[in-house]
> 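Take this structure, written in structure tokens, and hold onto it; I'll ask about it next.
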Amino acid sequence: MRVLVIGSGGREHALVWKIAQSKLADKIFCAPGNGGISKQAECIDIETEDIPALLEFAKREKIDLTVVGPEAPLSAGIVDEFNNYKLRIFGPNKKAAQLEASKVFAKELMAKYNIPSADFKIFDNVNEAKKYIELKGAPCVVKADGLAQGKGVIVARTIDEAKQAVKLIMEEKIFGDSGNRIIIEDCLEGEEASIIVLTDSKDVIPLASSQDHKRVFDGDKGGNTGGMGAYSPAPVVTSELFKEILEKIIYRTIDGLVKEGMNYKGVLYAGIMITKEGPKVLEFNVRFGDPETQAILPRLKSDLLEAMLAASNEKLGKVIKTGGMDWDNRACVSVVCASGGYPGNYEKGKEISGLEDVAKMRDVVVFHAGTKELTNPRTQEPKIVTNGGRVLGVTGLGNTISEAIKNTYRAVEKIHFAGMHYRKDIGQKAIKI
Ligand code: AMP
Ligand code: GLY
């Protein structure tokens, strides 16, 4: 098979790495890819949102399956475009991708189909939103309706903070038109977990549970980031809880979408808060999580490409009949090494050292995110330099979560680039449980 993966982050490197292990994969392309992906796939210079160019490429190169990493091309309708030309693609169509692209859509669906989530109200008027905040009090959560690169959520501890959030999103338009409407919802307390499944609307295959670390500093301090690390499994998700999440959240959501006329195919990701009253949805994503995927896929023994192909052909049931997905019982931890200044401003082009040393380590793999391969003009040797905020996802397995943590940080300590910073407590929450 000829496979095209769309994206350039750590998630896409993990996908390419896993797809490369499939006996079905003959040739892998990645658009646009990064300095690490280029070792396993041919990187092509097309941006993730350039749908006409991606379509032309898939037609010309006779791609058998396209796998979409990020949400933007999905919500822009890449699946509909590919379907028009009978090109096989793994992901939901534009209408179904609203589940992530519009929080109003997602909340209305959850309310209609009795899917547990925080109580909420929708506003398109600043004064009414502010009046509601005064009435309801704080804490509360203010969310922009549309896509905001994972930054459109403000957890407000006071009434003033909540009103300020409304002003920023609706008046100052810090997320552009994504803030034309907002949601104000109750603040939930508990432990977070990510549940990611593959589905073709008829059947569901859950991947292993995981947990992300969104804040930049240890102890969940500092600003929100795209994710500073993850681990899998998340012991907070016991097998009973996993079952409850599937029944009350995942199946109801997929059935609800079908009843609304949407045949959902691809990945469904539920960000869950495990509250005293049970699991509740924080958000849905219509794609693999980043950095969760980096911590999940090294534990997957089965062929991911085969399962994604089956889902896109509405034949996921066949994979289930032949045994479903097989998992390594070991734990996996992925630590993000970020550029100095991230999630604020940062510089690019810093040379990364230590990757060869880490490549010799057992049960460790480094997924590249913001990296680029350059040729040293003096020696003509290739070198890897930083090219983004989140640079690497250093990932390690261990018999226990503590062993996985030790193994991973031993690798992190071998890697260096100017300004590099990382959290030192990835996975610690799993030990405390
Ligand atoms: P989201 O992008 O909707 O997942 O929100 C980003 C982060 O904001 C989540 O991972 C939570 O930490 C937090 N969050 C979102 N909704 C709520 C809520 N209703 N209560 C408490 N925290 C929330
Ligand atoms: N890890 C959070 C996300 O992928 O949206």
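Both counts, for ligands and for their atoms, begin at 1 and track the order of listing. Just so it is clear, the structure is predicted and the values come from calculations on it, not from any experiment. Just the heavy atoms: all of them, side chains too, but no hydrogens, waters or symmetry mates, feed the values below.
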> Would you call the rings of Phe57 and Phe29 parallel, tilted or perpendicular if under 30° counts as parallel and over 60° as perpendicular?
perpendicular

> In Å, rounded to the nearest 0.5 Å, how long is the span from CD of Glu306 to CD1 of Ile19?
13.0 Å

> Counting each atom of ligand 2 from 1 as listed, which ones have a heavy atom of Asn285 under 4.0 Å away?
3 (C), 5 (O)

> State whether the side chain of Arg88 and the backbone N or O of Ser312 hold a donor-acceptor pair below 3.5 Å, judged by distance alone.
no

> Name the option, out of Asn285, Leu188, Leu282, Asp220, that contains the heavy atom nearest to atom 23 (C) of ligand 1.
Leu282

> If you count heavy atoms of other groups shown closer than 6.0 angstrom to NZ of Lys315, is the number above 12?
no

> Within 45° of the six-membered ring axis of Tyr422 and under 6.0 Å from that ring's centre, is NZ or CZ of Lys424 located there?
yes

> Counting from 1, what ligand 1 atoms have a heavy atom of Lys103 closer than 4.0 Å?
2 (O), 3 (O)

> Can you list the atoms of ligand 1 that are under 4.0 Å from a heavy atom of Glu192?
9 (C), 10 (O), 11 (C), 12 (O)

> Provide the number and element of each atom of ligand 1 under 4.0 Å from a heavy atom of Lys214.
10 (O)

> Provide, to 0.1 Å, the distance between atom 4 (O) of ligand 1 and the closest protein heavy atom, together with that atom's residue and name.
Glu283 CD, 2.8 Å

> Could a heavy atom of Lys143 be found less than 4.0 Å from some atom of ligand 1?
yes

> Given that the side chain starts at C-beta and the backbone is N, CA, C, O, which of these parts of Asn224 lies under 4.0 Å from ligand 1, counting heavy atoms, or is it both or neither?
neither

> Could you report the tightest heavy-atom contact between Ala311 and Phe90, atom names first, then the distance?
CB-CE1, 3.7 Å

> Give me the nearest non-hydrogen protein atom to atom 5 (O) of ligand 2 as residue plus atom name, then the distance to 0.1 Å.
Arg287 NH2, 2.8 Å

> Glu189 near ligand 1, heavy-atom distance under 4.0 Å?
no

> For Asp186, counting its heavy atoms only, list the atoms of ligand 1 lying under 4.0 Å from any of them.
18 (C), 19 (N), 20 (N)

> I'd like to check whether Asp212 has a polar contact with ligand 2, where a contact means an N/O of the residue lying under 3.5 Å from an N/O of the ligand.
yes

> With atoms numbered from 1 as shown, which atoms in ligand 1 lie under 4.0 angstrom from a non-hydrogen atom of Glu185?
16 (N), 17 (C), 18 (C), 19 (N)

> Under a 4.0 angstrom heavy-atom cut-off, which atoms of ligand 2 come close to Gly289?
4 (O)

> What about Lys214: any of its N or O atoms under 3.5 Å from an N or O on ligand 2?
no

> At what distance is the nearest protein heavy atom to atom 2 (C) of ligand 2, and which residue and atom is it?
Tyr269 OH, 3.3 Å

> How far is atom 18 (C) of ligand 1 from its nearest protein heavy atom, and which residue and atom name does that atom have?
Val141 CG2, 3.5 Å

> Could you check whether any heavy atom of Gly271 sits closer than 4.0 Å to an atom of ligand 1, since that is the contact criterion I want to use?
no

> So, for Val236 and Ala193, which heavy atoms are closest and what is the spacing to 0.1 Å?
CG1-CB, 4.5 Å

> Any donor-acceptor pair under 3.5 Å linking the side-chain atoms of Ser194 with those of Glu292?
yes

> Could you walk me through whether Lys372 and Thr386 pass side chain to side chain contact (heavy atoms under 4.5 Å, CB included), step by step?
CA-CA 6 Å; Lys372 194 158 89 173; Thr386 65; over 6 Å; no

> Checking Leu168 now: which residues fulfil side chain to side chain contact (heavy atoms under 4.5 Å, CB included) with it, not counting sequence neighbours?
Gln164, Glu172, Ile174

> Looking at Val153, which atoms of ligand 1 are within less than 4.0 Å of one of its heavy atoms?
1 (P), 2 (O), 3 (O), 5 (O), 8 (O), 15 (C)

> Could you measure the distance from the CD atom of Glu185 to the NZ atom of Lys121? Nearest 0.5 Å is fine.
14.0 Å

> Quick one: look at Arg11 and ligand 2, take heavy-atom pairs under 4.0 Å, and tell me if it's side chain, backbone, both or neither.
neither

> Test your reading of the model: is there a side-chain donor-acceptor pair from Arg252 to the backbone of Asn114, 3.5 Å cut-off?
yes

> Looking only at protein heavy atoms, which one is nearest to atom 13 (C) of ligand 1, and how far off is it?
Val155 CG2, 4.0 Å

> For Ser75, what residues pass the side chain to side chain contact (heavy atoms under 4.5 Å, CB included) criterion, not counting sequence neighbours?
Ala97, Ala101, Leu147

> Report yes or no: does Asp212 have a heavy atom closer than 4.0 Å to ligand 1?
no

